Amino acid sequence: MTEILFYHMQRQPLETVLPNLLEKSLERQWRVAVQATSEERLQALDDHLWVFSDESFLPHGTDRDPDCGTQPVVLTLRDANPNGASIRFLVEGAPLPDDDASYQRICILFDGTDQDALLHAREQWRSAKEAGHSVAYWQQDERGRWQKKA
């Protein structure tokens with residue numbers, strides 16, 4: 001079964017958390033898909049991943065790019081897996097993909113300061129457990145490091 005990790009963002013925004021998690025995924029040589037729910041968020045992430053650090057950038061593309069299948073990281077609004085990713089990040093309340101069992105890991109990043117996001121994440125947690133997935137809950141400590149809480 002797919003391992004589904006819930007990341008409760010309270011101390012850092014998505015723009016800080018996601019690049020770090022993507023870098024760790026690429027270090028493990030995993031291909032990655034990132035699913036958002038709005039064109040505005042997708043474009044903002046696309047722009048941000050090129051400039052988030054002075055020392056590096058994250059090689060990526062969007063599923064609109066003709067060569068998206070060759071990209072190590074693909075940003076998408078769709079349920080599909082355009083680059084054969086083994087890990088998928090869901091942001092801003094993106095739903096679990098229909099083919100969730102085809103991933104090694106799915107990471108759900110949600111804003112801990114947004115009540116609607118919290119409620120949606122709880123519902124996704126229940127659905128994932130009912131489907132038989134292994135689930136884990138991660139929360140940042142006061143230094144910004146991730147601690148497994150459940």
Side-chain angles (χ1 to χ4, degrees), residues 1-114 116-125 127-128 131 133-140 144-148:
M1 274 292 150
T2 302
E3 181 179 27
I4 301 181
L5 308 178
F6 289 78
Y7 287 90
H8 188 163
M9 298 180 297
Q10 289 179 292
R11 302 190 185 283
Q12 296 175 324
L14 178 66
E15 292 76 17
T16 302
V17 171
L18 183 61
N20 292 327
L21 293 173
L22 292 177
E23 283 182 324
K24 290 182 188 302
S25 298
L26 293 177
E27 286 170 6
R28 294 178 176 165
Q29 299 186 11
W30 289 342
R31 295 176 74 73
V32 180
V34 178
Q35 184 178 352
T37 60
S38 69
E39 186 62 44
E40 295 78 18
R41 173 60 81 183
L42 188 82
Q43 187 61 53
L45 289 173
D46 187 21
D47 294 342
H48 181 67
L49 293 179
W50 292 116
V51 298
F52 79 96
S53 169
D54 290 339
E55 292 83 39
S56 68
F57 70 95
L58 282 164
H60 70 281
T62 70
D63 62 356
R64 295 182 303 263
D65 299 333
D67 66 342
C68 68
T70 65
Q71 295 292 335
V73 176
V74 172
L75 308 177
T76 185
L77 296 175
R78 297 182 191 87
D79 197 325
N81 187 353
N83 65 338
S86 56
I87 184 169
R88 187 174 194 96
F89 288 87
L90 304 175
V91 301
E92 69 174 4
L96 287 169
D98 290 336
D99 63 345
D100 56 8
S102 69
Y103 293 92
Q104 288 180 339
R105 182 176 287 174
I106 294 175
C107 299
I108 298 172
L109 284 65
F110 63 97
D111 182 351
T113 64
D114 179 334
D116 290 337
L118 285 170
L119 294 173
H120 184 67
R122 287 181 184 137
E123 183 56 39
Q124 286 180 308
W125 175 278
S127 295
H133 295 293
S134 169
V135 296
Y137 171 76
W138 293 81
Q139 191 174 41
Q140 286 180 308
R145 288 190 289 179
W146 292 102
Q147 303 291 318
K148 187 174 182 181

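Just so it is clear, the model here is predicted, and its values are computed rather than measured. Keep in mind that the numbers below use all heavy atoms, side chains included, and drop hydrogens, waters and symmetry copies. Here, residue 1 is the first one in the sequence, and each next residue gets the next number.
Under the side chain to side chain contact (heavy atoms under 4.5 Å, CB included) test applied with Thr62, the options Val74, Val73, Asp46, Thr76 reduce to a single match, Asp46.
Judged by distance alone, the side chain of Arg31 and the main-chain N or O of Gly69 form a donor-acceptor pair under 3.5 Å. Listed for the Gln124 side chain is a donor-acceptor partner under 3.5 Å among the backbone atoms of Ala94. His48 places a side-chain N or O within 3.5 Å of a backbone atom of Glu15 that can act as its donor or acceptor partner. A donor-acceptor contact shorter than 3.5 Å is absent between the side chain of Asn20 and the backbone of Val17. Using modelled atom types, one side-chain atom of Ser127 and one backbone atom of Glu123 make a donor-acceptor pair closer than 3.5 Å.
Applying the side-chain contact (heavy atoms from CB on, under 4.5 Å) criterion to Asp114, with sequence neighbours excluded, gives Asp111, Asp116, Ala117.
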Run the numbers on Phe89 and Leu18 for side-chain contact (heavy atoms from CB on, under 4.5 Å), then give the verdict. CA-CA 9 Å; Phe89 288 87; Leu18 183 61; 4.0 Å; yes
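Between Thr113 atom OG1 and Leu118 atom CG the span is 8.0 Å, to the nearest 0.5 Å. Put simply, CG on Asp47 and CZ on Phe52 are 14.0 Å apart, with the number rounded to the nearest 0.5 Å. Note that the OG1 atom of Thr37 and the CG atom of Leu42 stand 10.0 Å from one another [nearest 0.5 Å]. How far CG of Asp98 is from CG of Asp79: 4.5 Å, rounded to the nearest 0.5 Å. Residue Thr16 holds its OG1 atom at 14.0 Å from CZ of Arg11, rounded to the nearest 0.5 Å. Between atom CH2 of residue Trp125 and atom CD1 of residue Ile4 there is a gap of 10.0 Å, rounded to the nearest 0.5 Å.
The heavy-atom pair separating Ser25 from Ile87 by the smallest distance is OG-CD1, 3.7 Å. The two residues Pro72 and Pro59 come nearest to each other via the heavy atoms CG-O, 3.5 Å. For the pair Gln12 and Gly144, the tightest heavy-atom approach, listed with the atom from each and the gap, is OE1-O, 4.2 Å. Shortest non-hydrogen contact noted between Met9 and Trp146 is CG-CH2, 4.1 Å.
Ile106 places a side-chain heavy atom less than 4.5 Å from the side chain of Leu96. Inter-residue side-chain proximity for Tyr103 and Pro97 is flagged as met; some heavy-atom pair is nearer than 4.5 Å. Annotation: side chain of Phe6 is not in contact with side chain of Cys107 (no heavy-atom distance under 4.5 Å). A 4.5 Å side-chain heavy-atom check between Arg105 and Thr2 finds every atom pair outside the cut-off. A heavy-atom distance below 4.5 Å is not found between the side chains of Leu21 and Val32. For the pair Val34/Leu90, no side-chain contact is recorded, criterion being any heavy-atom separation below 4.5 Å from C-beta on. At a threshold of 4.5 Å between non-hydrogen side-chain atoms, the residues His60 and Leu22 do not count as touching. Within the 4.5 Å cutoff, the side chain of Asn81 has heavy atoms near those of the Asn83 side chain.
Side-chain contact of Gln35 with Arg78: a donor-acceptor pair under 3.5 Å is absent, judged by distance alone. A donor-acceptor contact under 3.5 angstrom links the side chains of Ser38 and Glu92, judged on distance only. Counted by atom type alone, Glu3 and Gln104 present zero donor-acceptor pairs between their side chains at under 3.5 Å. Counted by atom type alone, Gln140 and Gln147 present zero donor-acceptor pairs between their side chains at under 3.5 Å.
For His120 and Phe110, the ring centers are positioned 6.0 Å apart or more.
The number of heavy atoms from other shown groups lying within 6.0 Å of CD (Glu39) is above 12.
The pair Arg28-Glu23 fails the salt-bridge criterion, with no side-chain N (NZ, NE, NH1 or NH2) lying under 4.0 Å from an Asp/Glu carboxylate O.
Trp138 and Tyr7 have parallel rings, their planes meeting at less than 30° on a 0 to 90° scale where 60° marks the start of perpendicular.
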